[in-house]
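Reading through the C-alpha cells given below for one structure.
Within every chain, numbering begins at 1; the chains are lettered A, B, ... in the order of the sequence lines, protein sequences first and strands thereafter.
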There are 2 protein chains.
Amino acid sequence: MVPSRARLRPLGTGDVRLVGGHWGEFQERNRSAVLPHVEHWVERTGWLGNFDAARAGGLPADRRGREFSDSEVYKLLEAMAWELGRAPDPELEARFHAIVARVAAAQEPDGYLNTRFGRPGQGPRWSDLEMGHELYCVGHLLQAAVARARTGHPDDPLVRVARRAADLVCAEFGPDGRAGVDGHPEVESALVELYRVTGERRYLEQAGLFVERRGHHVLDEVEFGREYFQDDVPAREAPAFRGHAVRSVYLAAGQVDLADETGDDGLLAAVVRQWRHTVSARTYLTGGMGSRHQDEAFAEDFALPPDRAYSETCAGVGSVMLAWRLLLAEGDPVYADLIERTLFNVVSTSPAADGRAFFYANTLHRRELGAVPDADEPSPRASSSLRAPWFEVSCCPTNLARTLASLAAYVATADDEGVQLHQYAGGTVEQELPGGRAVRLVVATGYPADGEVRVRVDSDDERPWTLTLRVPGWAVDGATLTVGGTTRPVGPGAVAERRSWRRGDEVVLRLPVAPRFTHPDPRIDAVRGCVAVEQGPLVLAVESVDVPGLDTVDHLRVDPSAPPRAVDGRVVVRCARVTPPEPGWPYRAAPPPVEARGFEDVPLVPYYTWANRGPSTMRVWLPVV
Amino acid sequence: MVPSRARLRPLGTGDVRLVGGHWGEFQERNRSAVLPHVEHWVERTGWLGNFDAARAGGLPADRRGREFSDSEVYKLLEAMAWELGRAPDPELEARFHAIVARVAAAQEPDGYLNTRFGRPGQGPRWSDLEMGHELYCVGHLLQAAVARARTGHPDDPLVRVARRAADLVCAEFGPDGRAGVDGHPEVESALVELYRVTGERRYLEQAGLFVERRGHHVLDEVEFGREYFQDDVPAREAPAFRGHAVRSVYLAAGQVDLADETGDDGLLAAVVRQWRHTVSARTYLTGGMGSRHQDEAFAEDFALPPDRAYSETCAGVGSVMLAWRLLLAEGDPVYADLIERTLFNVVSTSPAADGRAFFYANTLHRRELGAVPDADEPSPRASSSLRAPWFEVSCCPTNLARTLASLAAYVATADDEGVQLHQYAGGTVEQELPGGRAVRLVVATGYPADGEVRVRVDSDDERPWTLTLRVPGWAVDGATLTVGGTTRPVGPGAVAERRSWRRGDEVVLRLPVAPRFTHPDPRIDAVRGCVAVEQGPLVLAVESVDVPGLDTVDHLRVDPSAPPRAVDGRVVVRCARVTPPEPGWPYRAAPPPVEARGFEDVPLVPYYTWANRGPSTMRVWLPVV
C-alpha cells in the first residue's frame with residue numbers, strides 16, 4: 001500500500017526481510033505448511049473447481065461451497081503473490097500461474113467473474129447485494145492483483161483479470177449505475193489499492209461512491225439488522241465500530257484509504273474516533289474484536305465475555321490492516337501497539353504448531369475439554385477447543401496465509417527525516433531517504449522471549465537522519481535505550497534519535513519482559529475479580545494439560561500478592577485449588593465458603609500456543625483468591 | 001394432564017379458581033388483552049389466513065410466515081380452550097369455533113394438516129424433519145385438542161381434527177413407517193396427553209417410538225450440531241439438558257409423560273438426573289434457561305452471562321411444564337420451587353403491563369437504552385430493551401397465553417391422603433378424596449407482596465386427611481406455620497398436617513418476605529463480585545429510570561454490609577456511584593482507582609415489572625463496592 005498523503009510511508013516489498021525468530025518461523029511455516037494445506041483444501045472442496053465448471057458450462061449444477069468461496073481462491077493467490085515476492089521459487093510460481101489460468105478462464109467477456117451468480121439457474125448478477133458477496137469477491141480478486149503488481153509484476157495476467165473486473169464494477173455501480181453497495185465491505189479498500197498501483201482514478205472514485213452510499217439504508221434489512229453490515233448510519237456519524245466485526249474493520253480500512261487519497265480529513269477523523277472508542281471498550285486483551293457468536297459482531301461497550309469471545313481470526317487480520325493504515329495516516333505509535341498485540345495474540349493463535357489446522361474464533365476461556373475435530377471434513381466455525389483443518393466458512397486460513405506472507409510490511413516505515421521501527425523482529429531494513437541517503441539496518445533480537453533489541457547501522461552515508469523506535473504501551477516501567485554508549489530510561493511512545501550514523505553504530509532498546517499482572521477495567525463485568533498475566537507483548541494463559549489432576553482450570557485461584565515469576569524458562573503464578581460447592585441451587589443467602597487447598601506454582605503458556613497438546617481447558621483471566 | 005402412576009394427582013379443570021392477586025390479575029389481563037392481541041396478529045400476519053389459502057388452493061403462493069406459523073394458531077386455540085374452561089363466555093366460544101372451522105377446513109382427507117408442505121410447489125410431506133416443524137405443529141394441534149377435551153368437550157370438532165392428524169402420524173411414523181423424529185420435540189408429550197384423554201394406546205406407543213429413536217443421529221447434521229435438537233446422544237445417556245433450550249425441556253417433558261405411563265423408571269431417573277444437573281449449573285437466578293443467542297441454547301455449566309441471558313420465554317414455559325410433570329412423578333417440592341421462581345420471574349416478565357407487548361428473551365442485564373420497537377411491524381427476537389408487540393418468530397406470546405389461561409393447574413395436587421398446596425394465590429381449591437371425602441379450601445393471601453397465606457377449610461366432612469404446604473426453598477429462615485392456635489417454625493420442604501378438619505379451621509403459613517441479598521456460585525464467572533436482591537419468590541432489579549442522573553446502572557456499587565430494606569413499600573439498597581476510568585486501553589498494570597461518591601438509597605423493582613416505563617438500562621446482579 002502506498003498512500004499519497006500519509007504521515008509515514010510504507011516501505012517497498014523486499015525492503016524488510018525477517019530472518020528467524022517468532023515471525024521468521026511463522027513465515028516459513030506459512031510457506032511450507034499453510035499454503036500447500038490451503039491449496040489442498042480449495043481443490044478438495046471444489047471451490048477452485050467452480051472456476052473450471054464455470055468455463056465448462058457446468059454451473060450451477062457443479063458448484064460447491066458457500067456464496068463467497070471464490071474469495072478463498074483469491075486470498076490464496078494473494079498469499080502466494082506475497083510469498084513469491086518474499087522468496088521467489090519457480091515451483092511456487094508455477095502453482096500460482098496454474099491457478100490464475102483457471103480463474104481467468106472463468107471470466108466472462110465483459111469482465112464479470114463470479115461462479116455463483118449470473119447463469120441460468122443462478123440468481124442474476126448483483127441480485128443479492130446484502131448477502132451474495134459478489135463485490136466482496138471482486139475485492140479479494142483486486143487485492144490479489146495488487147499483491148502481484150507490488151511484487152514486481154504490474155502486467156501479470158492476474159492484474160489484467162482484476163482490472164477488467166474492476167472496470168465492470170465501475171460501469172455497473174458508477175455515478176449513473178446501480179446505487180448499491182456490498183453487504184460485506186472489502187471492495188472499497190481494494191479499489192483504492194488498485195488505483196494506487198494502476199493510477200486509474202475511476203477506481204478511487206468508485207471506492208468513494210461505495211463509502212458514501214453506505215449507512216443510508218441502501219441495503220435491505222437482514223435478520224441481524226442494518227448495523228450488521230454498517231448500513232445503519234453514515235460513516236461520519238457512527239460512534240464506534242459495530243455490527244459484524246470483520247465487515248466493520250474492513251470498511252474502516254477502506255475509509256482510511258479513501259480519506260488518505262482524497263484528503264478527506266473529516267472521514268479520517270471519524271474513523272480515528274471510532275477506533276479509539278472501540279479500543280477503549282470493545283476489544284479483548286488479546287486485541288481480539290467481536291464478542292457475539294450469533295452475528296460475529298461487536299457487542300455493547302464492555303460486554304467482553306472471555307468464554308464467548310468470538311475474536312474471529314479475520315477480524316484480527318482486519319484490525320491489523322486498519323491500524324496499519326491509521327499508523328501511516330497519523331503516525332501515532334498506539335496503532336503499532338495494537339498491531340503488535342493482535343499479531344502476537346490473535347493472528348499467531350489461529351494456526352496450529354504444524355500449520356495445518358486453524359482457529360476461526362479465538363476464545364479467551366475454554367470451559368470444557370472439546371472433541372477432536374474431524375481431520376477429513378470441514379468443521380463448524382467455533383465448536384471445539386482444538387484447531388480444525390478447514391471450515392465450511394473458511395475465510396480464516398486464507399486470510400492468515402496472506403497476512404503471514406506479507407508480515408514484513410508492518411515492521412517499519414519511513415518519512416523524509418528517517419526510518420521508524422514499529423515491530424521488533426530479527427532481519428534487515430533498507431530504505432533510500434530523500435537526497436539519496438541509503439539506509440540499511442540489521443535488527444538482532446530474541447523478542448518477544450527476550451526484551452533486548454539491537455539495531456545496527458549497516459550503511460555508509462553519514463548525512464544525518466532520524467531513527468525512531470516504538471516503546472510499546474505495555475512497557476510502562478523499565479525500558480531503556482542505549483545509543484553511543486549512553487543508556488537512558490524511555491517510556492511508551494516514539495523515541496527518536498537523529499544523528500550522523502556510521503556503519504556499525506548500534507542502538508539497543510531493552511524492554512521489560514518480566515511477566516506481570518494485568519487488571520481489567522471495572523466495567524468489564526465478565527472478568528471482575530480476575531487478573532491476567534502478560535509478558536512483553538504476549539498474553540499468557542493457563543491450560544489444564546499443565547495442571548495435573550485438574551480437568552478444568554476453573555478451580556484455580558491466583559494469589560494476587562505474589563507476582564508472576566519466570567522459573568526455568570516458564571512463567572508461573574501462585575495458585576490455590578478450590579473445592580466447588582456441593583451441587584444444588586447455585587444462588588444462596590450467604591457466599592458459599594471457598595475452601596482453598598494450599599498453594600502451588602502453576603505454569604502459564606503464551607496464549608497463542610494453547611491447544612497444541614490435545615483437548616484442554618484454558619483461561620486467560622484468572623480469579624483471585 | 002392426568003398421569004397414571006405419579007405420586008401426586010393433578011386436580012381437574014375447575015377444581016382450582018384464582019381470584020385477584022398477582023395471578024388473578026395476570027389471568028384477567030390474558031383474557032382481556034393478550035388473547036385479542038394474539039388473535040389480531042395471527043390474522044394480520046396471515047398465519048391464520050394460511051389455512052383459508054390451503055382450503056382455497058392458494059398455496060404456496062399465498063402462504064405467509066415461517067415454517068412453524070401453524071403452531072401459533074394452535075397455541076392460540078389451546079389458550080382459548082383453557083380460558084373457556086376457566087370462565088365460559090359465548091362470545092369467546094364463538095371466536096374459538098370460528099378459528100377451529102378455518103383450521104379444520106384445511107385438513108386433507110387422510111388427516112394431514114400443515115400449510116407449508118405437501119402441495120405442488122412445496123416440499124413433500126415430512127421432507128424436512130430437521131427444521132420443517134411438521135410434527136411440532138401436529139403436537140401443538142394435539143395440545144389444543146387436549147385442552148378442549150379436558151374442559152368438558154371430549155367430542156369437540158377440534159378433538160376430531162387432532163385425532164385424525166395423530167392417526168396419520170401413527171401410520172406414517174409407526175413401527176413399520178418412517179424411522180424419523182421431528183427436529184423440534186413437542187409431539188411426544190402431546191401424543192401421551194392425547195392418549196390420556198382418548199385412551200387410544202397407539203398414541204402412547206408412537207410417543208415411545210419418537211423418544212427412543214432420538215439421540216441416535218436419526219436427523220441430519222445441522223449448522224449447530226445434533227446437540228441442537230437432542231439427537232446427539234440417547235435420552236438415557238445425556239448428562240444434562242443441552243442444545244436448544246425449548247427443544248430440550250419440551251423433550252424432557254414428553255419423556256416424563258412417557259415414563260409415567262409406561263412405568264419406565266430408568267427414563268424418569270435420567271430426566272431427574274439431567275434436571276438436577278441443569279438446575280445446579282445451567283439456570284439463571286430467575287429460573288431462566290438458555291444463555292446462547294446464537295442457537296437459543298444451553299451453554300456449558302456455569303456459563304450464565306446476565307447480559308447475554310437468552311432465557312427465552314418459551315423455555316420458561318417449557319421448564320414449568322417439565323417441573324410440573326416431575327413434581328407429579330416424584331412429589332419433591334424442589335420442582336414446585338422452580339415452578340414458582342420461573343412463573344414469577346420469567347413467565348410474568350414477558351408480557352407488558354398492558355398485555356400487548358412481550359419479551360421473547362429475558363435478559364438479566366441491559367447495558368444500553370434501547371430503541372422503541374415498531375408498534376406495527378414484527379420485531380426481531382432479542383433486539384430491544386422494550387417489549388415488542390409481535391415477532392417474526394412469535395412463539396412466545398401464544399405460549400404465554402396458554403400458560404396464563406391454565407395457571408390454576410399448577411397450584412395444587414392430591415393423593416389418597418389429602419391435598420397439597422404448591423403455589424400460593426388467593427382462590428379456592430376443591431377436591432374429592434378417596435372415600436368421597438369432599439374437601440374445599442379457601443386461600444386468602446396478598447402473596448408475594450405479603451408473606452401471609454391463610455388456608456381456611458370450607459367443607460364439612462370431618463374424616464381425617466392431610467393438608468400439605470410447601471415452604472419455598474428460599475424461605476431458609478423465619479417461616480412459621482400456625483395450626484389450631486399453635487405456631488411453629490418450619491423450614492423449606494413439604495409441611496404436612498393430618499387431622500380431622502372442620503369447617504372454618506385455618507392454617508396460616510407465614511413466609512419471610514423481607515428483601516435479602518443473594519450470592520452466586522463462585523463458578524459463575526459472569527457475576528463474580530456481585531449480589532442480587534430477592535424478596536420472597538421475586539427477583540428484584542435496578543432500573544435506570546429510578547436513578548436520576550444516570551443513564552446506565554453500571555456505575556452503581558452496592559454496600560454489601562447494608563442489607564436491602566423495605567422503605568415506604570419499595571425496596572432500596574445502599575449504593576455508591578462510581579466514576580469510571582478515563583477512556584483508553586482498558587487493561588492496566590494496576591487496578592484503576594474506583595472513586596465512589598457518597599452513598600444513597602437506590603430503589604429496586606420486581607424484575608418482572610421492568611421496562612414498562614420507557615427505554616432503560618437494568619441490572620439484576622449488582623457489583624459490590
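Separating the CE atom in Met289(B) from the CZ atom in Arg282(B) is a distance of 11.0 Å, to the nearest 0.5 Å.
Heavy-atom distances place the backbone of Asp301(A), and not its side chain, under 4.5 Å from chain B. There is no contact between Ala299(B) and chain A, counting heavy-atom distances below 4.5 Å. For Phe224(B), no part sits under 4.5 Å from any heavy atom of chain A, backbone or side chain. Heavy atoms closer than 4.5 Å to chain A are found in both the backbone and the side chain of Arg523(B). Neither the backbone nor the side chain of His277(B) comes within contact range of chain A; no heavy atoms are under 4.5 Å apart. In this structure, no portion of Asp337(B) lies under 4.5 Å from any heavy atom of chain A. For a residue to count as touching a neighbouring chain, one of its non-hydrogen atoms must lie under 4.5 Å from one of that chain's; by this rule Pro305(B) does not touch chain A. Proximity to chain A (any heavy atom under 4.5 Å) is restricted, for Asp307(B), to the side chain, taken from C-beta onward. With a 4.5 Å cut-off on non-hydrogen atoms, Arg516(B) does not touch chain A at all. Heavy-atom distances place both the backbone and the side chain of Glu300(A) under 4.5 Å from chain B. Looking at Phe517(B), only its backbone comes within 4.5 Å of chain A, counting heavy atoms on both sides. The parts of Thr283(B) that come within reach of chain A are both its backbone and its side chain, each placing non-hydrogen atoms under 4.5 angstrom from that chain.
In summary, the side chains of His365(A) and Asp554(A) do present a donor paired with an acceptor at a separation below 3.5 Å, with no hydrogens or angles considered. Between the side chains of Tyr360(B) and Glu296(B), at least one donor-acceptor pair of N or O atoms lies under 3.5 Å.
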Worksheet entry | Intermediate values then yes/no, side-chain contact (heavy atoms from CB on, under 4.5 Å), Cys575(B) and Val558(B) | CA-CA 4 Å; Cys575(B) 289; Val558(B) 172; 3.8 Å; yes
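Ion pairing between a basic and an acidic side chain is recognised when a charged N comes within 4.0 Å of a carboxylate O; Arg66(A) and Glu392(A) show no such pairing.
Ranked by heavy-atom pairs under 4.5 Å with chain A, the first of Pro591(B), Pro520(B), Gly529(B), Ala526(B) is Pro591(B).
Centroid-to-centroid, the aromatic rings of Trp621(B) and Tyr587(A) come within less than 6.0 Å.
You'll find the side chain of Val625(A) reaches within 4.5 Å of the side chain of Pro560(A), heavy atoms only. With a 4.5 Å cut-off on side-chain heavy atoms, Met618(B) and Leu364(B) do not count as touching.
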